[in-house]
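This report refers to the structure that appears directly beneath it.
Since the structure is predicted, the reported quantities are computational estimates derived from the model, not experimental observations.
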Amino acid sequence: MSRDRNLFNCQEDHEVNYVAGLYPDHQKVREFLKAKCASKEIYHSTHEKVYELIHKELGYPVPH
């Protein structure tokens with residue numbers, strides 16, 4: 001997806017909700033994203049990097 005190369009914007013709830021909605025346990029992923037945004041760990045990360053981090057830390061496959 002071309003969106004994968006776009007920067008993930010922590011300030012936009014709709015973006016957090018969009019990514020979280022790609023996973024079965026979207027509430028867990030949403031909380032994970034909010035925590036990573038708060039710690040600035042995913043600041044200036046692409047969507048692709050965010051998916052990879054979710055895979056690495058939560059074990060969910062990267063959505064296609």
Side-chain angles (χ1 to χ4, degrees):
M1 283 190 268
S2 63
R3 183 178 192 139
D4 293 351
R5 291 186 290 278
N6 292 344
L7 289 178
F8 181 78
N9 187 343
C10 285
Q11 304 302 316
E12 298 291 336
D13 267 348
H14 69 88
E15 220 164 307
V16 172
N17 292 333
Y18 167 77
V19 172
L22 297 173
Y23 296 91
D25 190 351
H26 34 271
Q27 186 59 36
K28 182 176 183 177
V29 174
R30 188 176 194 290
E31 290 169 9
F32 174 81
L33 292 172
K34 287 294 196 177
K36 295 301 180 181
C37 285
S39 70
K40 303 239 187 273
E41 189 171 339
I42 58 176
Y43 189 71
H44 285 304
S45 292
T46 62
H47 280 244
E48 184 176 24
K49 294 291 183 194
V50 170
Y51 300 147
E52 289 170 5
L53 185 65
I54 291 168
H55 177 68
K56 179 182 170 195
E57 295 198 15
L58 297 180
Y60 296 131
V62 175
H64 297 289

Nearest heavy-atom pair of [X] and [Y]: which atoms, and what distance?
{"X": "K36", "Y": "S39", "value": "O-OG, 3.2 Å"}
{"X": "A20", "Y": "L33", "value": "N-CD1, 4.2 Å"}
{"X": "C10", "Y": "V16", "value": "O-CG2, 4.3 Å"}

* Kindly indicate, with the supporting measurements, whether the criterion side-chain contact (heavy atoms from CB on, under 4.5 Å) is fulfilled by H26 and N17. => CA-CA 8 Å; H26 34 271; N17 292 333; over 6 Å; no

* To do: Might you confirm whether atom CD of Q11 has over 12 heavy atoms from other residues, nucleotides or ligands at distances under 6.0 Å?
  =>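 No.
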
Heavy-atom check, side chain of [X] versus side chain of [Y], under 4.5 Å:
{"X": "Y51", "Y": "P61", "value": "no"}
{"X": "I42", "Y": "C37", "value": "yes"}
{"X": "E41", "Y": "E57", "value": "yes"}
{"X": "L53", "Y": "F32", "value": "yes"}

* Check whether I54 and Y43 end up in the same hydrophobic cluster, where Ile, Leu, Val, Met, Phe, Trp and Tyr are linked by side-chain heavy atoms less than 4.5 Å apart. => no

* To do: Give the C-alpha distance, both sets of side-chain angles, the deciding distance and a yes or no for side-chain contact (heavy atoms from CB on, under 4.5 Å) between T46 and F8.
  => CA-CA 5 Å; T46 62; F8 181 78; over 6 Å; no

* To do: Calculate, to the nearest 0.5 Å, the distance between atoms CD and CG belonging to E48 and N6 respectively.
  =>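 Output value for this atom pair is 11.5 Å.
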
* Nearest-0.5 Å distance, CG of residue L7 to NZ of residue K49 -> 12.0 Å

* To do: Answer yes if the ring centres of Y60 and H55 are under 6.0 angstrom apart, and no otherwise.
  => no

* **Derivation and outcome, side-chain contact (heavy atoms from CB on, under 4.5 Å), residues R30 and D13** => CA-CA 10 Å; R30 188 176 194 290; D13 267 348; 3.7 Å; yes

